[in-house]
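One structure follows; several queries about it will come next.
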Amino acid sequence: MNNKNIQPVKGTHDIHGEEIKKFNFIVEKFYSLTNKFNFQQVQTPIIEHQDLFTRSVGEHTDIVSKEMYAFTDKGDSTICLRPEATSSIARFAASEYLSGSMKISTHGPMFRRERPQKGRYRQFHQINIENIGEKSPYVDFEMIMVANSLLKEIGVEKKHFRLILNSLGSQADQLNYSKILIDYLSQYRSKLSETSLSRLEKNPMRILDSKDEQDKEILTNAPVISENLSQESTVYFNQVKELLDNNGIDYTIDHKLVRGLDYYTDTAFEFQTNEDKRQNAILAGGRYDKLISLISPRDIPGVGWAAGVERLMSLVNIKNDKEEKLKVLLAVQNDQFLLKSEILKKIYNLNCIHEIKINKNIKKIFSYADKNNFDFILLIGDEENLNNKIVLKNLKTKEQKIFNQSEIKLDHEIR
RNA sequence: GCGGGUGUAGCUCAGCUGGUUAGAGCGCCGGUUUGUGGUACCGGAGGUCGGGGGUUCAAGUCCCCUUACUCGCCCCA
């Protein structure tokens, strides 16, 4: 027999105990907040056509080029586990969008085949909101505002995170700026790192994000995107900033903030924690006016963000919430005593947390109840079973009574 | 894809420069207490020391390979 342990798949993990409480806490806060802003919940499938992401996220991005879980279906279609949610929501919106502002909230598991480490998993969970159909500085501001409130709401202190902001400009601006950047960087070809050199052709703006020391040095005098934006994008960005200023949301402008997904235009933002130097991006997003046109015949603007639930969990402390309901343990010394007993129906009808324990050792029963913080024990031991009696003990007051099983009124006695 | 660290009981870990029968705490089972919670004390079960190879009279300990986990790089939430 093969009785070796089967490990969870690399980079995946079971969420349980205190962790699942944190997880649910964050997701519940997320929905209660976004419901207030009239976001409508949508659940999209976990599997999608691979095309969806190559066309939206971009085939040269790491996410698509090396981190996708893709497989061929029994038909001939190439299916993948979604690496992010925005593309799926965009697909949904492309078919369902009517007019005005379509506000969507969602959450669920995402999959990226990366090397796992602290705060980074192959299956991880995101909460997302998207606002599709309306382009306005207010809409961008509102997304950031909700993000900021959520962090506050789940108890992440203001001093533990910061908001980084940038504008990438319109698609035309990005093309224009890329050329300027290529011109500048070309004179340093021999000094650029290998990855930056390959990006020079495919996606020059990503070079701004380089962690290479020499690249960073070269970039200090590089032309800045904010000085190469169209008038329209500049005004737009200024108005987003004005709304943030007037509503007390602090931010830092970082001209080098570029998102790792190709579809972003204009406003880009990222909430970073200073708790953890490594995986410090806890929530990130931006505007994506051309995304829907990449995957459908329609051309609809949008803006959105995603936050990593596991990363938020590491910043959240929840107080040990007191059980509001009473806990009742029905203990029998022999499972045969349950066969004809009326007591099961009565206990199932109680508005209490209840558990049935079968153990011949009375001491064990009480010890178990004590360790697990039960309020009451209902006991049918060998003696009680003989004449259909049942013992009820209040473990807090230590008061103990004996009843006939058929006569005991549980909802009257347990409160 | 590339580096570093770690794999010993169900869990958390000791185990010195190789040297008798591999240890502790927690948990579990039983007893002191015939059916009443905590504490204490006593006893018990439970290990191919991640796997394979090598060096040696002798390997949990040293060397090589492999695998899993973990931390970091890249990248990202």
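Fair warning: this is a prediction, and the values are worked out from it, not measured in the lab. Per chain, numbering begins at 1; letters A, B, ... match sequence-line order.
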Worksheet item: Do any pairs count as a salt bridge (Lys or Arg N to Asp or Glu O under 4.0 Å) and have a residue in residues 146-161 of chain A, sequence neighbours left out, and if so which ones?
Response: A/E157-A/K159, A/K158-A/D250
Worksheet item: Roughly how far apart, to the nearest Å, are B/U70 and B/U32 at atom C1'?
Response: 45 Å
Discussion item. With rounding to the closest Å, how many angstrom separate the C1' atoms on B/U61 and B/G7?
Written reply: 14 Å
Discussion item. Between A/I292 and A/D299, does the side chain to side chain contact (heavy atoms under 4.5 Å, CB included) criterion hold? Intermediate values first, please.
Written reply: CA-CA 6 Å; A/I292 292 177; A/D299 191 4; over 6 Å; no
Item to complete: To the nearest Å, give me how far apart CZ (A/F271) and C1' (B/C76) are.
Response: 17 Å
Worksheet item: Heavy atoms under 4.0 Å, any strand shown: does A/A284 hit a base, just sugar-phosphate, or nothing?
Response: sugar-phosphate
Worksheet item: What is the distance from CD of A/E270 to P of B/A77, rounded to the nearest Å?
Response: 7 Å
Worksheet entry | Rounded distance (Å) that lies between atom P of B/A77 and atom CZ of A/F23 | 17 Å
Worksheet item: CZ of A/F30 versus P of B/A77: gap in Å, rounded?
Response: 15 Å
Worksheet entry | Residue pairs involving residues 164-216 of chain A (criterion ring-ring contact (aromatic ring centres under 6.0 Å, His included); sequence neighbours excluded) | A/Y184-A/Y188
Worksheet item: For A/Q272, which contact category applies under a 4.0 Å heavy-atom criterion: base, sugar-phosphate, or nothing?
Response: nothing
Fill in: Given B/A77, B/C76, B/U36, the nucleotide with the shortest approach to the side chain of A/F366
B/U36
Discussion item. Rounding to an integer number of angstrom, what distance separates B/U12 and B/U6 when you compare their C1' atoms?
Written reply: 14 Å
Worksheet item: Which value, in whole Å, describes the distance between the C1' atoms of nucleotides B/G3 and B/G18?
Response: 30 Å
Fill in: Nearest-Å distance for atom pair NZ/P, residues A/K393 and B/G37
7 Å
Discussion item. What is the separation between atom CD1 on A/I377 and atom P on B/G38, rounded to the nearest whole Å?
Written reply: 10 Å
Discussion item. If you assign A/E84 and A/K398 each to the RNA chain B nucleotide with the nearest heavy atom, which residue ends up on the more 5' nucleotide?
Written reply: A/K398
Discussion item. For a quick check of understanding: with a heavy-atom distance under 4.0 Å over all strands, which category does A/I282 fall into, base, sugar-phosphate or nothing?
Written reply: sugar-phosphate
Worksheet item: Do A/E355 and A/Y368 get their side chains close enough for a donor-acceptor pair, meaning under 3.5 Å?
Response: yes
Discussion item. Just to be sure I understand the rule, does A/E310 reach a base, reach only the sugar-phosphate, or reach nothing, if contact means heavy atoms closer than 4.0 Å?
Written reply: nothing
Worksheet item: Distance between the P atoms of B/C11 and B/G51, in whole angstroms?
Response: 15 Å
Discussion item. Ring of A/Y251, cation from A/K241 - is the NZ or CZ under 6.0 Å from the centre and inside 45° of the axis?
Written reply: no
Discussion item. Classify A/R199 by what it touches in the nucleic acid, base, sugar-phosphate, or nothing, heavy-atom distance under 4.0 Å.
Written reply: sugar-phosphate
Worksheet item: For atom P, what is the distance between B/G43 and B/A59, given to the nearest Å?
Response: 33 Å
Practice prompt. Could you pick out which residue, A/V258 or A/I362, lies toward the 5' side of RNA chain B when each is mapped onto its nearest nucleotide?
Written response: A/I362
Worksheet entry | Flag, side chain of A/T397 to backbone of A/E399, donor-acceptor distance under 3.5 Å | yes
Between the protein and nucleotides 1-3 of chain B, list every N/O to N/O distance that falls short of 3.5 Å.
residue	atom	partner	partner atom	Å
B/C2	N4	A/R115	NH1	2.4

Worksheet item: A/R287 side chain to A/V303 main-chain N or O, any donor-acceptor pair under 3.5 Å?
Response: no
Item to complete: Look at all strands and tell whether A/D382 reaches a base, only sugar-phosphate, or nothing, counting heavy atoms closer than 4.0 Å.
Response: base
Item to complete: Between B/G37, B/C71, B/C75, spot the one nearest the side chain of A/S367, thanks.
Response: B/G37
Worksheet item: Are A/Q41 and A/T106 close enough, and set up right, to give a side chain to side chain donor-acceptor pair (under 3.5 Å), and what steps lead you there?
Response: CA-CA 6 Å; A/Q41 195 177 340; A/T106 190; over 6 Å; no
Item to complete: Take the protein atom CZ of A/F374 and the nucleotide atom C1' of B/G38, then report the distance between them rounded to whole Å.
Response: 18 Å
Discussion item. Strictly by salt bridge (Lys or Arg N to Asp or Glu O under 4.0 Å), give each pair with a member in residues 42-59 of chain A just once, sequence neighbours left out.
Written reply: A/E48-A/R91
Fill in: Distance-only donor-acceptor check, side chains A/N372 and A/K327, under 3.5 Å
no
Tabulated below should be each protein N or O lying under 3.5 Å from an N or O of nucleotides 26-29 of chain B; please produce it.
residue	atom	partner	partner atom	Å
B/C29	OP2	A/K364	NZ	3.1

Item to complete: Determine whether the side chains of A/Y236 and A/D140 contain a donor N or O and an acceptor N or O closer than 3.5 Å.
Response: yes
Worksheet item: Base, sugar-phosphate, or nothing: which does A/L379 touch, judged by heavy atoms less than 4.0 Å apart?
Response: base
Discussion item. For a quick check under 3.5 Å, do A/H354 and A/Y348 share a side-chain donor-acceptor pair by atom type?
Written reply: no
Worksheet item: Considering only heavy atoms and no angle criterion, is a donor-acceptor pair shorter than 3.5 Å present between the side chain of A/K363 and the base of B/U33?
Response: yes
Worksheet item: With rounding to whole Å, what would you report as the distance between B/G60 and B/G54 at their P atoms?
Response: 15 Å
Worksheet entry | Consecutive-pair stems (3 or more, Watson-Crick or G-U, under 3.5 Å) for RNA chain B | B:1-7 with B:67-73, B:10-13 with B:23-26, B:28-32 with B:40-44, B:50-54 with B:62-66
Item to complete: Would you mind telling me which of B/G35, B/G37, B/A77 lies closest to the side-chain atoms of A/R311?
Response: B/A77
Practice prompt. For nucleotides B/U34 and B/U21, find the distance between their C1' atoms and express it as a whole number of Å.
Written response: 39 Å
Discussion item. Whether A/K290 engages the ring of A/Y264 as a cation-pi pair (distance to the six-membered ring centre under 6.0 angstrom, angle to the ring normal within 45°) should be assessed.
Written reply: no
Worksheet item: What is the distance, rounded to the nearest whole Å, between atom CD of A/E383 and atom C1' of B/U36?
Response: 12 Å
Discussion item. Can you confirm whether the side chains of A/H125 and A/E310 place a donor and an acceptor under 3.5 Å from each other?
Written reply: yes
